[in-house]
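The analysis underlying the following values was restricted to heavy atoms, covering all of them including side chains, and did not include hydrogens, waters or symmetry mates. Letters A, B, ... mirror the listed sequences (proteins, then strands); counts begin at 1.
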There are 2 protein chains.
Amino acid sequence: MYGDDVAPGWSIGEVSRRTGITIRTLYHYDEIGLVRPAQRTASGHRRYTASDVRRLYRVRALRRFGLSLEEIATALARSSDDVVALRDLFAAQLAEFEASALRAARLSEQLRGLIEQLDAAAMPDPEQFLTTLEMISVYETYFTEEQREVLARRRADLGEQVVEATKMEWLELVRAFKQHVEDGTPVDDPAVRDLAARWETLGVPYASPDPQANDRIAASTAALWRDHKDEVSRGVSNQVEWLAPDDLPKIMEYVDRVRQAR
Amino acid sequence: MYGDDVAPGWSIGEVSRRTGITIRTLYHYDEIGLVRPAQRTASGHRRYTASDVRRLYRVRALRRFGLSLEEIATALARSSDDVVALRDLFAAQLAEFEASALRAARLSEQLRGLIEQLDAAAMPDPEQFLTTLEMISVYETYFTEEQREVLARRRADLGEQVVEATKMEWLELVRAFKQHVEDGTPVDDPAVRDLAARWETLGVPYASPDPQANDRIAASTAALWRDHKDEVSRGVSNQVEWLAPDDLPKIMEYVDRVRQAR
DNA sequence: TCTTGCACCTCCCGTGGCGGCAGGTCCTAC
DNA sequence: GTAGGACCTGCCGCCACGGGAGGTGCAAGA
């Protein structure tokens, strides 16, 4: 066609079919200078040489590995004299893949948990579920990724059984304190003092070996509680029947006073 | 400030600090109607209520799970009356996570292989390595994802040892054929006929149970060889010393004639 | 000769989820 | 009076193209 068939190389359409790259993408690569066909025909049509097509295959391969077009351009520009740069680029990309795989795995797990909750219909009320969602985000806001990492690993190490047991014991303590609040037990009573001591030992198995990390986590927890008493209380009271949404703040205040009385 | 502190809710700056969402993002959410602050002050400043902030936290949580802002908008709009839609959304997202994790794992493995090759300095010449890259892309162009899947699984099932053994045997056959080409052995000689028979049995362990799939893979392979003789030959001759870049096409032609002679 | 049709060209707008800047307003504190 | 900070709107930029409009060049059929 056009008598171009005597010209060497291939038209853009032929190249597109051969390589599986869309024509639009070929235009784009030409535009940004990544793969420029060596020549044009008299009528202005692009002619790709064998070396152009080879370059295209290289670009495609590197793209598959998630490199940006800019990275590919610099890599192909200097890769002829050092393979080391390419190696480093690959290594960096590999590290990123692995990091994102880790993130994806964590998110998958969380999602699975949420789906399970929804399936178990443990949360019939959509509002309750949305509150859970809020808490997820609040949690992310107050704890750094590193802290979440530490906590998640700790929980995993201890196992679900232990975590559940801790939860139950904490709830028992809350229930006991609730009774004492209602009874107006004085804060220096030995009974509540013992309860407060048990309260403090609850977190011990979750502590990390680094005391400073513990302090930071405690500070974050305190800030979270300070700023989001209401949401947390609602969340907890959704889980147990004997707790009204505004009980927990009162109880926590009482516990604090008991601790200070020591 | 501005005497706004008597107005209920929070300014955009305060919300940004509390939630960790940038002000620009808050503007964006307002613009697209995803989170509109309930009111404005007389001077036009945004005031976020507690319910606005709750909505923000929900949005953040859903974003973390990779939902698009549009999906979040529809989810939050109707989630109050059906949690099922949300559950399905999560399930779909989970499936996507898992698919992308699979892709990432495959790419990681390929990258690791390439890095290993580079580290082993088995490829001192950058040009050789770039040819390898080309071949990766060519391979992708000629085989569909499904076919690659089948081949990869087959290789994994057989184990590296077997694959390596096949490679070695194939190279031996090539070497034998090369000798016959040079000697000018006629194509109906029993010796070369036997070699061709062995050649054909080589691929048998890699065949999938579905004969049509095998045919398609064979066709793809033929097309690849037809269009990329030179690259493949260069690639193979890079790996062994006794093979010149233009030997392989001649050998393959000879093998073809031997087969047809039967 | 006219039409139809195809391959190709350039130019330009759109995507998602914001980042960032310019230039203005509003209010407080020194 | 002015310096500064928080806030406002409007607009351009990113990345890797997708897609469409509107034009050109050429061949084959009616």
Quickly work out the B:Trp10 CH2 to D:dC7 C1' distance and round it to whole Å. 19 Å
For the residue pair B:Thr144 and B:Arg216, confirm or rule out a side-chain donor-acceptor distance under 3.5 Å. no
What integer distance in Å separates A:Arg60:CZ from D:dA16:C1'? 15 Å
Rounded to whole Å, please give me the gap between CZ in B:Arg17 and C1' in D:dC7. 12 Å
On DNA chain D, more 5' by nearest nucleotide between B:Glu31 and B:Ile23 is B:Ile23
Measure the distance from CG on A:Leu26 to P on D:dG18 and round it to the nearest whole Å. 10 Å
Roughly how many Å is it from CD1 in A:Ile32 to C1' in D:dC17, rounded to a whole number? 10 Å
Examine C:dG19: is either OP1 or OP2 under 4.0 Å from a nitrogen or oxygen in the side chain of B:Thr22? Give yes or no. yes
Nearest heavy-atom neighbours spanning A:Thr22 and A:Thr25: OG1-OG1, 2.8 Å
Please pick, from C:dC18, C:dC26, C:dC9, the nucleotide with the shortest atom-to-atom distance to any side-chain atom of B:Leu69. C:dC18
Within the pair A:Tyr27 and C:dT10, is there a side-chain N or O less than 4.0 Å away from OP1 or OP2? no
What is the distance from NE2 of B:His28 to P of D:dT9, rounded to the nearest Å? 15 Å
Could you check whether the rings of B:Phe129 and A:Phe90 sit parallel, tilted or perpendicular, using 30° and 60° as the cut-offs? tilted
Apply side-chain hydrogen bond (donor to acceptor under 3.5 Å, both in side chains) to the pair B:Ser233 and B:Asp230, showing each step before the final yes or no. CA-CA 5 Å; B:Ser233 303; B:Asp230 298 352; 5.6 Å; no
Look at the side-chain N and O atoms of A:Ser11 and state whether any lies under 4.0 Å from the OP1 or OP2 oxygen of C:dC8. yes
Has A:Tyr29 got a side-chain N or O lying under 4.0 Å from the OP1 or OP2 atom of D:dC17? yes
For B:Leu67 and C:dG17, give me the distance from atom CG to atom P, rounded to whole Å. 10 Å
Do any side-chain nitrogens or oxygens of B:Arg63 fall under 4.0 Å of OP1 or OP2 in C:dC18? yes
D:dC7 OP1/OP2 closer than 4.0 Å to side-chain N/O of B:Arg46: no
Mapping A:Glu70 and B:Ile12 to their closest nucleotides on DNA chain D, which lands nearer the 5' end? B:Ile12
Nearest-Å distance for atom pair OH/C1', residues B:Tyr48 and D:dC7: 12 Å
Of D:dC11, D:dA16, D:dC8, the nucleotide closest to the side chain of B:Arg40 is D:dC8
Count the heavy atoms of every other residue, nucleotide or ligand shown that sit under 6.0 Å from CD of B:Glu98, and state whether that count exceeds 12. yes
Between A:Thr25 and D:dG18, is there a contact of a side-chain N or O with OP1 or OP2 at under 4.0 Å? yes
